[in-house]
Amino acid sequence: MKKPAFLPAVLLLWFVSLANAWAEPVKCFESRKGASEVTQRMIGEDLPNVKCSPKTGAVLWWGNPFDGTVPMGDMPIQDADYTRGKAVVKPRSDKLGLLPLCGNSCHTGSLPKGFPTSKDARELVMMHQAIVLDSTKLPHGRGNIWCLDCHHSTQRNKLVDHRDKPISFDQPQQLCGKCHGEVYRDWREGIHGKRIGEWASTGTKRWFVCTECHNPHNVQHGDRNRGFAQHQPEKAPTLPKGMKTADHERQKH
Amino acid sequence: MEAPVEKPNSRRSFLKSAGSLSISSLLGTAALMTMSDDARANMEWAEWFQGNYRLMSEEEKALARARLERRYSREYGKKVVVDGTPAQEGVLMGYALNIKKCIGCRRCAKACVEENNQSRGKDQEIEWIRVLKMEKGEFSQEKMNQGYPEGLGIQVGGNAYTPVGDVLEGEHYYQPDAVPEKDAAYMPIACMQCEKPPCVKVCPVRTTYREADGPVVIDYNWCIGCRMCMSACPYWARRFNWSDPNLPKEAMNPVTHYLGNRPRMKGVVEKCTFCIQRSRQGRYPACVEVCPTGARKFGNLLDPNSEVSRIIARKNVFRLKAELNTFPKFFYFMD
């Protein structure tokens, strides 16, 4: 008597939970908001790919640090120490939805006729204002550089180095390093920047490339005028029992 | 002369009553050993009587870990692994933190909780990492002659070029809308994994000790909760479980180490172990991975090519309270 009534209820519950799981895939960001997002899912029994902060939506914990990565590939080697271990990066190209279009539709190098390839700043109306509001005042470089100093003039789905060689969007360090040499050196040695995975100098590491932490179009962030954008902090620790406020900390003495 | 009277509390009667007491308590434990969530009820009797982990033989250690795996798996409703990987030859774990890069976002503290199974919630929240907000030092022209003891006699803190007695000593509970705030510097503090740890010196039962590869660990089962180590620690790195830890089943991290993040019980001390369950398997500690600015670095101090060795070789490095001769393996550095 009981069983037939019980079974549909269980099925219903199962469907409801399934529908819930479909309804809201949790998306979190890895380093800074607006770059490299991941969707939460299970990659094993009791093992999520990431755990996220309920307050800020930042990734707090990686189940598999190499999820969705590819080898860093051919980088200019010389004394770079990532050659000792294995370096992997998370490719960004597939996240840039319009990237395959850029090179074909507008910026083929020949179309439209007389398309300017000069690096001088000019006004871009209608286009690209979501990225840089006023193209004559690029916040990066304090007015000394412009879009085409970093973006390839004829292959728009590529970046460009200082010898007009195209650079993949997955390896922006080759581009950034041409001006920020000191930081680039520290980054190569593992002193600057974030990496996750194995700590041994011969281990596999996922390297976070420049643009995963810095917004290249607006690196100065107004007043702050420094490398990393302001963002929301995690919750403060709970006050000790019996303490009502933390005002005592803010008193000058 | 008085006749000798048999004392009511003779040695024999004491032993007798003690024996019957222990038998009855064992029976009580057996009666409680049901499918219960309560940690004490799930404890097997052998766990009550096991020795100091450091003095156990390899077989005893394996048995102790298997016992714990059974208990935790039952309590948390998932397959829990209690690892016992020993220290590796030629490894001395070290840590470096770029004090200029820290933005005070507290992600490290929260990642640590996700990884290390601390108690959470309103009643008892335990975080091993504390991020302090400090006033930024100011070396401006008009303040050049300030900051020296005047009137008060002694300098009570602050930075050298800000007047004494007019400074904050560091905020734990800052909560702005966005960090980093203007004119603020941040200083994360956790266990320094000292080479000469004062906490180890004072432990009366020798349950906390320095492992061969560096981290100072605790055998929670042997800890008597006297909190001597907490008062000996100059860095406020140790936390105490005043009540039963609140660890939700779904949030529990099932990959644990006996000396690391296995769930603790009421009345024991806990602390950072450089995520021993991860670092012994080659993985970065959780706080290193989560730091969005890459201020946290971890590696082998004996390997000249490791990240920490390179930082120590070429950056400005300091250790907190170096004058106490605790020799921390946690280095703060600046670009």
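In what follows, every chain begins at residue 1, and chains take the letters A, B, ... in the order their sequences are listed. Excluded from the calculations below are hydrogen atoms, water molecules and symmetry mates; all remaining heavy atoms, backbone and side chain alike, are included.
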ask   = For B:Val91, is it the side chain, the backbone, both, or neither that has a heavy atom closer than 4.5 Å to a heavy atom of chain A?
value = side chain
inquiry  = If the threshold is 4.0 Å, N to carboxylate O, is there a salt bridge linking B:Glu125 and A:Lys235?
reply    = yes
Which atoms of B:Ala295 approach chain A - backbone, side chain, both or neither, heavy atom under 4.5 Å = neither
request  = Heavy-atom distances under 4.5 Å only: say whether A:Pro48 touches chain B with side chain, backbone, both or neither.
outcome  = neither
Salt-bridge contact A:Lys194-B:Glu289 (side-chain N to carboxylate O under 4.0 Å) = no
task = Report the distance from atom NE2 of A:His192 to atom CD1 of B:Ile311, rounding to the nearest 0.5 Å.
result = 12.0 Å
inquiry  = If I take atom NE2 from residue A:His248 and atom CD from residue B:Glu171, how far apart are they, to the nearest 0.5 angstrom?
reply    = 9.0 Å
ask   = Do A:His231 and B:Ile103 have side chains that get closer than 4.5 Å, going by heavy atoms?
value = yes
ask   = With a 4.5 Å limit on heavy-atom distance, are the side chains of B:Arg283 and A:Trp62 in contact?
value = yes
key: Which atoms of B:Glu115 approach chain A - backbone, side chain, both or neither, heavy atom under 4.5 Å   = both
Atom group of B:Lys315 that falls short of 4.5 Å from chain A, counting heavy atoms = side chain
key: Ionic contact status for B:Arg310 with A:Asp186, cut-off 4.0 Å   = no
key: B:Ser279, part contacting chain A, at a heavy-atom distance under 4.5 Å   = both
remark   = When the 4.5 angstrom heavy-atom criterion is applied to B:Asp303 and chain A, the contacting part is side chain
key: Audit row: B:Tyr284, A:Arg195, side chain to side chain contact (heavy atoms under 4.5 Å, CB included) steps and yes/no   = CA-CA 9 Å; B:Tyr284 278 122; A:Arg195 43 197 61 70; 3.8 Å; yes
task = Please state whether the side chain, the backbone, both or neither of B:Arg296 comes within less than 4.5 Å of a heavy atom of chain A.
result = neither
query = With a 4.5 angstrom heavy-atom cut-off, which part of B:Gln175 approaches chain A: side chain, backbone, both or neither?
reply = side chain
A:Ser53 vs B:Lys110 side-chain heavy atoms within contact, under 4.5 Å = no
query = Roughly how far, to the nearest 0.5 Å, is the CD1 atom of A:Ile191 from the NZ atom of B:Lys297?
reply = 8.5 Å
